[in-house]
Trainee: 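Structure below; questions to follow.
Side-chain atoms are counted along with the backbone in the values below, which use heavy atoms only and exclude waters and symmetry mates.
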Amino acid sequence: MRGNDEQQGAVFSYVSAEQRIASDHPLRQIRATTDAALRELSSEFDALYAAGGRPSIAPERLLRALLLQILYSRRSERLLMEEMNYNLLFRWFVGLEMDDEVWDVTVFTKNRERLIAGEVAQKFFAAVLKQARSAAWLSDEHFTVDGTLIEAWANRRSFVEKKDPPQRGTGARGRKLLRDTHESKTDPEARLFRRSQAAESRPSYLGHVITENRNGLVVAVCVTQSSTKAEREAALAMLPQISDGRRRITLGADKGYQEREFLHRLRRWQVVPHVAEYSGKPRPWLGGLRAEERNDPGFPQSQKKRKRVEQVFGWIKHVAGMRQTKFRGRRRVEWMFRLAAAALNLRRMQRLLLQPV
């Protein structure tokens, strides 16, 4: 018998969003891990908001919504909120009931500076890592570092001469470089930079990560202005996050890190450099590995694990949408880059839970 195509809407629904989500849906475990991390930040959120006044949108809901935007590759917060109005899965993950009204998209804009000032992304990233460490998913001995170019939300034509350029440049022997004399009207902190001689110079930033070699989880993140020395300087700045300088660890890297002073400072931190080496004509600024470092049994393994950091960059750029950032200013770009790294860790931890013990 053919059924009737009746269009009369039901007045009541007795099935909650919780019941509609499959028990084995990946977001279930991701939400459990996220909620555990957010509970640790509760006191931090209290310090960011006034004790009285009109209640705001809960910061926990804002962060869950941003994680959804990253995990599901939604290109804008406006599109995310439009979809959240009818997507029960999104409503359930954020914590909205089926009859709750979604907030206006400008709430993200008004609260972003507050969350950046409170270093919420850094603390959330650390809370997620704490759970990974308690599950023994992190290696505390073997790591890999690398950097990637993030296109800025600016155009080459937006670069104009500075009104008050410095008297002494940042180049060798005080030579003035383009970044000393010109800046973008759209994003003054972005710099024209290219990763190779064959590439085009583009307004950009550099994103840097350190991953551990056991499961490829990100353990340190930062974003810097683009420069030829930025990758090595960022690696040294992130070292205290993975080592106290008293125990021996290894750090894999590509040829861009084969610089004499960089290798020397790694050794002072008790870090064994597993850095790929240039072949051919020696260059005066290049540093060479010592025989014991080059012949270390773990050296080939460290070089093999380098592909995992490239997978991190691929995910952040294509899934999280960070190939070209929509934010202006290094702090805002770093905020989103770190949140994307935390989302990637949540996704990988969810998959690790599915593996047999």
Side-chain angles (χ1 to χ4, degrees), residues 16-49 55-72 80 84 87-97 100 103 108 111-112 114-140 209-212 214-221 241-242 312 315-316 319-320 334-357:
S16 66
E18 175 70 27
Q19 294 173 295
R20 293 181 182 273
I21 309 304
S23 60
D24 58 348
H25 197 284
L27 276 187
R28 281 196 174 274
Q29 188 55 52
I30 292 177
R31 180 176 174 179
T33 308
T34 300
D35 288 349
L38 291 175
R39 281 193 293 271
E40 291 191 22
L41 302 184
S42 180
S43 60
E44 304 289 344
F45 293 142
D46 289 339
L48 293 177
Y49 291 82
S56 67
I57 303 299
E60 293 90 345
R61 292 186 175 183
L62 293 177
L63 284 174
R64 291 194 200 101
L66 290 173
L67 289 175
L68 278 179
Q69 182 184 3
I70 294 170
L71 292 168
Y72 282 85
L80 174 70
M84 195 177 298
N87 191 319
L88 292 181
L89 176 65
F90 283 17
R91 281 178 167 271
W92 169 82
F93 186 84
V94 170
L96 293 175
E97 297 297 333
D100 289 345
W103 59 84
F108 289 107
N111 284 272
R112 184 173 292 112
R114 186 204 310 264
L115 298 178
I116 291 176
E119 299 182 344
V120 171
Q122 294 93 315
K123 294 168 183 175
F124 178 74
F125 179 81
V128 172
L129 269 187
K130 182 179 178 182
Q131 296 183 60
R133 188 172 289 108
S134 64
W137 288 333
L138 298 181
S139 170
D140 58 358
V209 303
I210 295 180
T211 60
E212 52 81 37
R214 181 175 299 167
N215 292 300
L217 295 173
V218 181
V219 295
V221 187
Q241 300 181 48
I242 62 172
V312 169
W315 194 92
I316 290 177
V319 177
E334 185 176 65
W335 148 267
M336 202 61 192
F337 191 77
R338 182 174 278 111
L339 203 58
L344 173 60
N345 281 349
L346 287 170
R347 180 65 175 129
R348 289 191 168 177
M349 290 164 63
Q350 180 267 329
R351 290 179 177 175
L352 289 171
L353 284 170
L354 300 178
Q355 296 180 2
V357 180

Trainee: Side-chain contact, heavy-atom cut-off 4.5 Å: I21 with L89?
Mentor: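 Contact flag for I21/L89 side chains = yes.
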Trainee: I need the single residue from E97, R20, E18 that forms a side-chain contact (heavy atoms from CB on, under 4.5 Å) with W92. Which is it?
Mentor: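 The passing option is E18.
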Trainee: Hey, mind stepping through M336 and I70 against side-chain contact (heavy atoms from CB on, under 4.5 Å) and telling me if it holds?
Mentor: CA-CA 9 Å; M336 202 61 192; I70 294 170; 3.8 Å; yes
Trainee: Looking only at side-chain N and O atoms, does N87 offer a donor or acceptor that is under 3.5 Å from a partner on Y72?
Mentor: no
Trainee: Are V120 and L48 close enough that some pair of their side-chain heavy atoms sits under 4.5 Å apart?
Mentor: yes
Trainee: Check R31 against G95 and note the closest heavy-atom contact, atom names and distance.
Mentor: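 So the two residues come closest at NH2-CA, 4.3 Å.
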Trainee: Counting C-beta onward and ignoring hydrogens, is there a side-chain heavy-atom pair between L115 and W335 closer than 4.5 Å?
Mentor: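 Yes; the side chains approach each other to less than 4.5 Å.
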Trainee: Would a 4.5 Å heavy-atom cut-off, applied to side chains only, mark F125 and L339 as touching?
Mentor: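 A side-chain contact is absent here, since even the closest heavy-atom pair is not under 4.5 Å.
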Trainee: Determine, stepwise, if the pair E212 / W137 fulfils side-chain contact (heavy atoms from CB on, under 4.5 Å).
Mentor: CA-CA 9 Å; E212 52 81 37; W137 288 333; over 6 Å; no
Trainee: Do the side chains of L217 and T211 get nearer than 4.5 Å, heavy atoms only?
Mentor: no
Trainee: As a quick check of understanding, evaluate salt bridge (Lys or Arg N to Asp or Glu O under 4.0 Å) for R28 and D24, giving each step before the final call.
Mentor: CA-CA 7 Å; R28 281 196 174 274; D24 58 348; over 6 Å; no
Trainee: With respect to V94, which candidate in L68, L66, L80 satisfies the side-chain contact (heavy atoms from CB on, under 4.5 Å) definition?
Mentor: L68
Trainee: Does the pair L96 and W103 meet the rule for a side-chain contact (heavy atoms from CB on, under 4.5 Å), with working shown?
Mentor: CA-CA 10 Å; L96 293 175; W103 59 84; 4.3 Å; yes
Trainee: State whether the side chain of R347 and the backbone N or O of L71 hold a donor-acceptor pair below 3.5 Å, judged by distance alone.
Mentor: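 Looks like no, no N/O pair under 3.5 Å.
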Trainee: Determine yes or no for a side-chain-to-main-chain donor-acceptor pair under 3.5 angstrom, with R338 supplying the side chain and V221 the backbone.
Mentor: yes
Trainee: State, to 0.1 Å, how close A340 and I316 come at their nearest heavy-atom pair, and which atoms those are.
Mentor: CB-CG2, 4.2 Å
Trainee: Compare every heavy atom of L129 with every heavy atom of L138, then report the nearest pair and how far apart it is.
Mentor: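 Here L138 and L129 meet closest at CD1-O, 3.8 Å.
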Trainee: Just by distance, do the side chain of R91 and the backbone of D100 share a donor-acceptor pair under 3.5 Å?
Mentor: yes
Trainee: Roughly how far, to the nearest 0.5 Å, is CZ of R114 from CD1 of I116?
Mentor: 12.5 Å
Trainee: Looking only at heavy atoms, what is the nearest atom pair of A37 and V128, with distance?
Mentor: CB-CG2, 4.1 Å
Trainee: Do any N or O atoms from the side chain of R214 and from the backbone of A136 form a donor-acceptor pair under 3.5 angstrom?
Mentor: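 Checked: pair present.
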Trainee: Within the side chain of S42, is there an N or O that forms a donor-acceptor pair under 3.5 Å with the backbone of R39?
Mentor: no
Trainee: Walk me through it: do R348 and V218 pass the test side-chain contact (heavy atoms from CB on, under 4.5 Å)?
Mentor: CA-CA 10 Å; R348 289 191 168 177; V218 181; 5.8 Å; no
Trainee: Are the side chains of M349 and Q29 in contact, using a 4.5 Å heavy-atom criterion?
Mentor: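 A side-chain contact under 4.5 Å is absent here.
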Trainee: Are L354 and Q350 close enough that some pair of their side-chain heavy atoms sits under 4.5 Å apart?
Mentor: yes
Trainee: For the CD1 atom of I242 and the CD1 atom of I210, what is their distance to the nearest 0.5 Å?
Mentor: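 Rounded to the nearest 0.5 Å, the CD1-CD1 separation comes to 4.0 Å.
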Trainee: Check whether any side-chain N or O of K123 sits under 3.5 Å from a backbone N or O of G118 as a donor-acceptor pair, and report yes or no.
Mentor: yes
Trainee: If you draw the axis of the six-membered ring of F93, does the NZ or CZ of R61 fall within 45° of it and under 6.0 Å from the ring centre?
Mentor: no
Trainee: Salt-bridged, R133 to D140, with N to O below 4.0 Å?
Mentor: no
Trainee: Got a second to check how far L62's CG is from S56's OG, nearest 0.5 Å?
Mentor: 7.5 Å
